[in-house]
2 protein chains.
Amino acid sequence: MVTIDRQEPNLGVLLFVAYRELEQRAHDAVIAAGVTDITMAQARVMARIGAHGTRVSDLAVQARVTKQSAAFLVEQLEKAGYVERVPDPLDGRARLVRLTSQSDEVVAVANAEVAQVLGEWTGQVGLGRLRQVHQTLLELCELID
Amino acid sequence: MVTIDRQEPNLGVLLFVAYRELEQRAHDAVIAAGVTDITMAQARVMARIGAHGTRVSDLAVQARVTKQSAAFLVEQLEKAGYVERVPDPLDGRARLVRLTSQSDEVVAVANAEVAQVLGEWTGQVGLGRLRQVHQTLLELCELID
DNA sequence: TGATTTAGACAGATTATCTGTCTAATCTGA
DNA sequence: TCAGATTAGACAGATAATCTGTCTAAATCA
């Protein structure tokens with residue numbers, strides 16, 4: 001019997017709070033920078049688009065939504081000009097979703113705010129322990145995915 | 001400049017994956033146990049109800065939604081019999097949301113599945129490192145909340 | 001090559017979420 | 001003490017996000 005938990009707040013809540021803080025702060029920063037037409041759900045999908053493009057079905061898996069939901073969000077982002085869809089040269093059925101240059105500023109602002117938050121977190125627990133968390137979660141995610 | 005990140009997958013994504021795995025596995029287990037009328041959003045609120053009851057506005061803050069959204073989810077849970085609302089003896093405006101005995105089985109199943117997942121995670125990274133993550137997140141959440 | 005799987009599009013329904021407004025109770029400060 | 005500000009929650013309405021189900025075309029597999 002593993003007894004890491006049982007006392008509140010449990011690990012699930014803690015993971016949620018930390019995850020949500022990072023997401024909300026990044027989103028708030030983007031809004032503050034004048035980009036007001038990207039929702040959190042859209043941003044969640046956007047954040048999972050790889051450098052060379054990602055399929056909608058892969059985005060769906062990574063964002064933990066159905067592919068229909070992911071497709072809906074990608075459609076909004078495309079209409080707003082933040083992403084484009086190009087044919088996948090390796091698979092005639094598929095299309096790769098890619099960030100457009102219009103997203104560059106958004107990504108930069110979001111990354112800067114994430115760095116800011118991580119700085120605050122480092123001030124609280126130290127860089128070593130934050131890196132331990134990162135490394136451990138990395139190994140856990142390998143198990144999960 | 002903090003450089004814990006910059007390489008994918010970043011900490012935000014890792015936190016999301018771990019959080020979501022725990023939440024989804026717990027929810028799946030509850031469904032598998034025959035309780036099919038609790039949604040993930042409802043469960044998210046339910047999981048934040050304290051032993052002696054919690055106000056809707058506090059649930060809203062903890063679940064990171066508006067109090068209207070929290071009230072809506074509590075209303076569904078109340079209709080389904082999983083929670084009840086009682087007057088708060090300390091504040092005439094407020095009502096405390098409490099779990100009913102009908103929730104006992106749900107909580108037990110969810111807790112058992114969480115323990116199962118944590119066991120799997122322990123197998124992957126060891127108990128010590130999992131506890132480190134828990135402790136560090138605890139301190140980060142103090143900063144955040 | 002025929003059967004199965006996969007990627008995505010399309011349609012429709014439901015759920016979750018928000019903003020805005022209102023009342024009553026509590027708290028605060030002069 | 002009391003008037004103003006704040007807080008808890010209810011009510012209404014709108015929008016966003018999400019799901020299930022179905023379909024076609026392309027790829028994979030046996």
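In the text below, chain A, chain B and the rest are named by the order of the sequence lines, each starting its count at 1. What's counted below: heavy atoms across the whole structure, side chains too, no hydrogens, waters or symmetry copies.
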Short of 4.0 Å, heavy atom to strand atom, which residues of residues 72-90 of chain A count as contacting DNA chain D?
A/F72, A/L73

Residue-phosphate contact under 4.0 Å: B/T39 side-chain N/O, C/dA16 OP1/OP2
yes

For the pair made of NE2 in B/H27 and P in C/dA16, what is the distance, rounded to whole Å?
9 Å

Value in whole Å for how far the P atom of D/dT20 lies from CD1 of B/I31
11 Å

Rounded to whole angstroms, how far apart are CD on B/Q68 and P on C/dT19?
8 Å

Report the distance from atom CD1 of B/I38 to atom P of C/dT15, rounded to the nearest whole Å.
15 Å

When you measure from the side-chain N and O atoms of B/S57 to the phosphate of D/dG9, is any distance below 4.0 Å, counting only OP1 and OP2?
yes

Out of C/dA25, D/dT18, C/dA7, whichever nucleotide has its closest atom nearest the side chain of A/A94:
C/dA7

Kindly say if A/R44 contacts the phosphate of D/dA17, meaning a side-chain N or O under 4.0 Å from OP1 or OP2.
no

Between the main-chain N or O of B/A43 and the side-chain N or O of B/E23, is there a donor-acceptor pair closer than 3.5 Å?
no

In whole Å, I'd like the distance from the CG atom of A/L96 to the C1' atom of C/dG8.
13 Å

Within the side chain of A/H134, is there an N or O that forms a donor-acceptor pair under 3.5 Å with the backbone of B/L14?
no

Is the distance from OP1 or OP2 of D/dT18 to the nearest side-chain N or O of A/T66 less than 4.0 Å?
no

Within 6.0 Å of CZ in A/R98, more than 12 heavy atoms from elsewhere:
no

Choosing from C/dT17, C/dA9, D/dC19, which nucleotide comes nearest the side chain of A/A71?
C/dA9

Donor-acceptor under 3.5 Å (A/Q124 side chain, B/E139 main chain)
yes

Looking at D/dA17, D/dA10, C/dT19, which one has an atom nearest to any side-chain atom of B/R95?
D/dA10

Using only side-chain N and O atoms of A/R55, determine if any of them is under 4.0 Å from OP1 or OP2 of C/dA7.
yes

Scan side-chain atoms only and decide if A/Q62 and A/D58 contain a donor-acceptor pair under the 3.5 Å cut-off.
no

Quick one: does B/Q42's side chain have a donor or acceptor within less than 3.5 Å of a partner on B/T39's backbone?
yes

State whether the side chain of B/T54 and the backbone N or O of B/G50 hold a donor-acceptor pair below 3.5 Å, judged by distance alone.
yes

With a cut-off of less than 4.0 Å, is there a side-chain N or O of A/S69 near OP1 or OP2 of D/dC19?
yes

Considering only Ile, Leu, Val, Met, Phe, Trp and Tyr, and joining two whenever side-chain heavy atoms are under 4.5 Å apart, list the other residues clustered with B/V61.
none

Rounded to the nearest angstrom, tell me the gap between atom CZ in A/R93 and atom C1' in C/dT6.
4 Å

Rounded to whole Å, the NZ-P distance (A/K67 to C/dA11) equals 16 Å

Return the nearest nucleotide to the side chain of A/D91; candidates are D/dT18, D/dA26, C/dA16.
D/dA26

Grab the CD-P distance between A/Q42 and D/dA17 for me, whole Å please.
6 Å

